[in-house]
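Single-structure report; data block below.
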Amino acid sequence: MSDILERLSVILEERKAADPESSYVAKLYAKGLDAILKKIGEEATETVMAAKDGVPEKIVYEVADLWFHTLVLLAQQGLGPEQVLAELDRRFGLSGLDEKTRRVQ
Ligand SMILES: N=c1c2ncn([C@@H]3O[C@H](COP(=O)(O)OP(=O)(O)OP(=O)(O)O)[C@@H](O)[C@H]3O)c2ncn1[C@@H]1O[C@H](COP(=O)(O)O)[C@@H](O)[C@H]1O
């Protein structure tokens, strides 16, 4: 699968040193945690509305916005997508599926 989460997280880290006027992410960091959380709430609501509308393209677009803003939150908290992926991997391991079954799915 794509390494876009990792590449994006590198850019999000770099934006911590950027001028807030030069970048959407730098501006969001400058506004602080509450502003980031507000965006996540908005994007989650827009995702729900898109799903209710049942238009696949809108769902993908809104989920991308939601994932993006959760990545900004992780970066702002000194975390990254690798930790979330490791947690999902750990849970997958707990599910009891063996390697062969995983490959088939
Ligand atoms: N993937 C994204 C991305 N997804 C969504 N957004 C922004 O998130 C916002 C979504 O909020 P809304 O839909 O509510 O739109 P809006 O009304 O413009 O939002 P507000 O200005 O009101 O917050 C929009 O401004 C989008 O531009 C993103 N902004 C940046 N990125 C990536 O982040 C990187 C760094 O971005 P900059 O900091 O802008 O350089 C870029 O290279 C992109 O790859």
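Excluded from the calculations below are hydrogen atoms, water molecules and symmetry mates; all remaining heavy atoms, backbone and side chain alike, are included. All figures in this text were calculated on a predicted structure; none of them were measured in a lab. One-based numbering, in listed order, for ligands and for the atoms of each. Sequential numbering from 1 along the given sequence is applied to the chain's residues.
- With rounding to the nearest 0.5 Å, the separation of CG in Leu79 from OG1 in Thr70 is 11.5 Å.
- Put simply, atom 17 (O) of ligand 1 has no protein non-hydrogen atoms near it, under 4.0 Å away.
- A donor-acceptor pair under 3.5 Å is formed between the side chain of Ser22 and the backbone N or O of Asp19.
- Distances shorter than 4.0 angstrom occur between a heavy atom of His69 and an atom of ligand 1.
- Of the protein's non-hydrogen atoms, the one nearest atom 43 (C) of ligand 1 is Leu8 CD1, 4.4 Å.
- Within a 4.0 Å radius of atom 8 (O) of ligand 1, the protein contributes one or more non-hydrogen atoms.
- A salt bridge does not link Glu62 with Lys58: none of the charged nitrogens is closer than 4.0 Å to a carboxylate oxygen.
- Note: the hydrophobic cluster containing Leu8 does not contain Val63 (ILVMFWY, side chain heavy atoms under 4.5 Å, direct or indirect links).
- Within a 4.0 Å radius of atom 27 (O) of ligand 1, the protein contributes no heavy atom.
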Please determine whether side-chain contact (heavy atoms from CB on, under 4.5 Å) holds for the pair Met49 and Thr45, giving the CA-CA distance in whole Å, both sets of side-chain angles, and the decisive distance to 0.1 Å. CA-CA 6 Å; Met49 288 162 59; Thr45 301; 4.0 Å; yes
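- Distance from atom 1 (N) of ligand 1 to its nearest protein heavy atom, with residue and atom name: Phe68 CD1, 3.3 Å.
- At the shortest separation from atom 36 (O) of ligand 1 among protein heavy atoms lies Val25 CG2, 3.8 Å.
- In this structure, the side chain of Glu43 does not engage the main chain of Ile40 through any donor-acceptor pair within 3.5 Å.
- Atom 38 (O) of ligand 1 has its closest protein heavy atom at Ser23 OG, 2.5 Å.
- Side-chain atoms of Tyr29 come within 3.5 Å of backbone atoms of Leu12 as a donor-acceptor pair (strictly under, hydrogens ignored).
- For atom 21 (O) of ligand 1, the nearest protein heavy atom (residue, atom name, distance) is Tyr24 CE1, 4.2 Å.
- Counting heavy-atom neighbours within 6.0 Å of Tyr24 OH, excluding the residue itself, gives a total above 12.
- When distances from atom 32 (C) of ligand 1 to the protein are checked, a heavy atom turns up under 4.0 Å.
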Please step through side-chain contact (heavy atoms from CB on, under 4.5 Å) for the pair Phe68 and Val25, ending with a clear verdict. CA-CA 10 Å; Phe68 172 72; Val25 175; 3.6 Å; yes
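- What sits closest to atom 5 (C) of ligand 1 on the protein, heavy atoms only, is Asp65 OD1, 3.2 Å.
- Remark: minimum distance from atom 10 (C) of ligand 1 to any protein heavy atom is reached at Glu43 OE2, 3.6 Å.
- Of the protein's non-hydrogen atoms, the one nearest atom 14 (O) of ligand 1 is Lys39 NZ, 2.8 Å.
- Note: no N/O pair closer than 3.5 Å links Glu42 and ligand 1 by distance alone.
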